[in-house]
Amino acid sequence: MKITLDADKCCAAGQCVLIAPEVFDQRDEDGVVVLLDAEPPADQHDAVREAAAICPAAVIEVQA
Amino acid sequence: MTLSTAPAPLPAEPPSGCPFDPPAEYGVLRTTRPISKVGLPDGSWAWLVTRYADIRAVLGDLRFSSDTTVHGYPRSGMTGGGSTQNRGFIRMDPPEHTRLRRMVTREFMVKRVEALRPEIQRLTDELCDAMERAEGREEGGVDLVEALALPVPSLVISLLLGVPYGDHEIFQRLTGTLLSRTVTDDEREAARSELRDYLDRLVTAKEADPGDDILGRLIVEQQRTGEITHDEVAAFAALLLIAGHETTANMIGLSALTLMRDPETAERLRQDPALIRGAVEELLRFHSIIRNGPRRVATEDVEIDGHLIRAGEGVVVAVPSGNRDETVFPAPDRLDIARPNAQHHVAFGYGIHQCLGQALARVELQVVLGTLLRRFPAMRPAVPVEEIPFRTDMSIYGCHALPVTW
Ligand code: HEM
Ligand code: SF4
């Protein structure tokens with residue numbers, strides 16, 4: 001799995017951090033999403049897909 | 001044009017017998033006319049969107065504007081009044097919306113809010129101590145709305161903004177008027193202008209002596225550097241105070257009542273407090289307290305699921321309907337605290353305006369409900385449920401009062 005972010009669109013709602021805290025974090029200055037792990041291990045895949053589905057601003061893109 | 005074709009107003013009454021379910025009209029609309037016309041108080045109309053997928057499509061599409069000054073925006077009868085002056089970024093579009101929202105996003109991010117959890121717990125415990133000492137528990141009961149549901153969010157946001165807590169009665173009265181559906185647009189505007197005057201004086205005082213709080217930081221980092229004006233600081237204060245107060249309060253009241261009436265679920269949560277997170281998501285979905293929007297106006301012709309919405313036409317989103325959409329949430333009228341996709345709800349909206357305070361609201365609900373379950377395991381309504389006054393007259397659903405005993 002490979003994750004890419006379109007962080008310009010992020011509205012810092014933080015839903016991704018609640019769902020997959022080992023993969024996503026928020027930048028201290030403005031709460032915008034940062035990626036902790038662009039190629040997370042298999043046990044994170046479901047959580048990452050869930051975060052991508054819930055993200056209100058369609059920021060998170062997941063490949064395979 | 002015949003009068004008989006005037007579209008029906010927004011449904012507000014819960015189905016008979018269940019004050020927790022959204023108006024029955026929504027179930028019918030979702031299957032027969034998912035996008036239909038709704039009549040507004042001034043005789044105008046807007047499109048009412050009732051299906052989950054269509055709601056996400058509208059709220060996620062920037063061709064639908066939140067700007068109340070755009071021609072055709074459905075302002076009549078809207079939450080908080082239709083005034084367009086100093087309206088706060090909730091009623092703006094990018095790039096202005098993005099610029100202003102980002103000035104405060106860090107204040108509400110998950111880490112910051114988690115760090116507040118002990119303080120929120122402390123405030124909650126103090127209010128619970130006071131409730132234990134309160135008179136009147138035997139006769140008529142203690143009003144949980146007054147004793148806990150309203151003060152928690154009010155204390156928390158006052159603390160974050162740096163507003164003297166002694167002033168919270170002013171807010172309670174004014175936000176009550178702003179959010180009522182039964183006052184006239186004029187009365188609502190009067191309340192809005194009174195609140196504006198108060199906040200204007202508050203910001204002036206803080207300009208002289210900015211504290212280590214959200215308003216202080218906005219003044220030092222954004223106003224003094226010329227990014228925003230005095231009036232814009234006051235608009236931030238108004239938005240943050242109003243948006244987080246009665247919303248969270250009503251979720252606390254309704255959720256506490258729901259758990260009192262469902263002892264099995266309450267017991268499960270007492271046995272396994274880790275379930276409270278998911279329970280709060282499900283309660284947000286189930287109660288969907290936002291009953292009068294969000295609203296938008298189309299800035300271009302847009303097709304939503306084959307339905308054409310023309311430029312200049314207004315849209316009202318039916319949050320309670322989307323959150324009971326059976327194609328997304330199986331057995332939607334059942335409260336299931338372990339529902340796997342509960343967090344997919346649109347109780348906080350969707351798209352770039354999705355609730356800025358959602359992490360805070362979640363922690364407040366988790367703390368308050370967890371504390372009530374732990375400290376007051378025998379709490380129950382002091383009156384039959386038919387006697388509890390539900391807020392069918394307000395833009396934010398809940399109970400006006402909730403007498404409890406234990
Ligand atoms: C359970 C409690 C709450 C509910 C159900 C709720 C619901 C919502 C909804 C549906 C929206 C979207 C409005 C739109 O799209 O036009 C929203 C926006 C907003 N909420 Fe909340 N809210 C809650 C608590 C809070 C709290 C505690 C705060 C913190 C101060 C807050 C601050 C805001 C702000 C500032 C916005 C505007 C965001 C923007 O336009 O970018 N809310 N809320
Ligand atoms: S859920 Fe989406 S919008 Fe929210 S912080 Fe994460 S990436 Fe940003």
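It should be emphasised that the depicted structure is a prediction, and the values quoted were computed from it without experimental measurement. Below, chains carry the letters A, B, ... as their sequence lines are ordered, and counting in each starts from 1.
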Heavy-atom count around A/Asp46 CG within 6.0 Å, excluding the residue itself: above 12?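 12 or below, so no.
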Take atom CG in B/Asp212; do more than 12 heavy atoms of anything else shown fall under 6.0 Å from it?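 It does not: B/Asp212 CG has 12 such atoms or fewer within range.
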Going by residue number, which parts of [range] are within reach of chain B, meaning a heavy-atom gap below 4.5 Å?
{"range": "residues 52-63 of chain A", "result": "A/Ala53, A/Ile54, A/Cys55, A/Pro56"}
{"range": "residues 10-26 of chain A", "result": "A/Cys10, A/Cys11, A/Ala12, A/Ala13, A/Gly14, A/Gln15, A/Val17, A/Leu18, A/Ile19, A/Asp25, A/Gln26"}
{"range": "residues 27-35 of chain A", "result": "A/Arg27, A/Asp28, A/Glu29, A/Asp30, A/Gly31, A/Val32"}

Side chain from CB out, backbone as N, CA, C, O: work out which of these in B/Gln343 comes under 4.5 Å of a heavy atom of chain A, or both, or neither.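 Both parts, heavy atoms under 4.5 Å.
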Is chain A contacted by the side chain of B/Arg101, its backbone, both, or neither, given a heavy-atom distance below 4.5 Å?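 The answer is the side chain of B/Arg101.
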What residues of residues 105-120 of chain B sit under 4.5 Å from chain A when only non-hydrogen atoms are counted?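 B/Thr105, B/Arg106, B/Met109, B/Val110, B/Lys111 fall under the 4.5 Å cut-off.
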Under a 4.5 Å heavy-atom cutoff, which of B/Ile352, B/Leu59, B/Thr98, B/Leu356 has the most pairs with chain A?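 Most heavy-atom pairs within the cutoff with chain A belong to B/Ile352.
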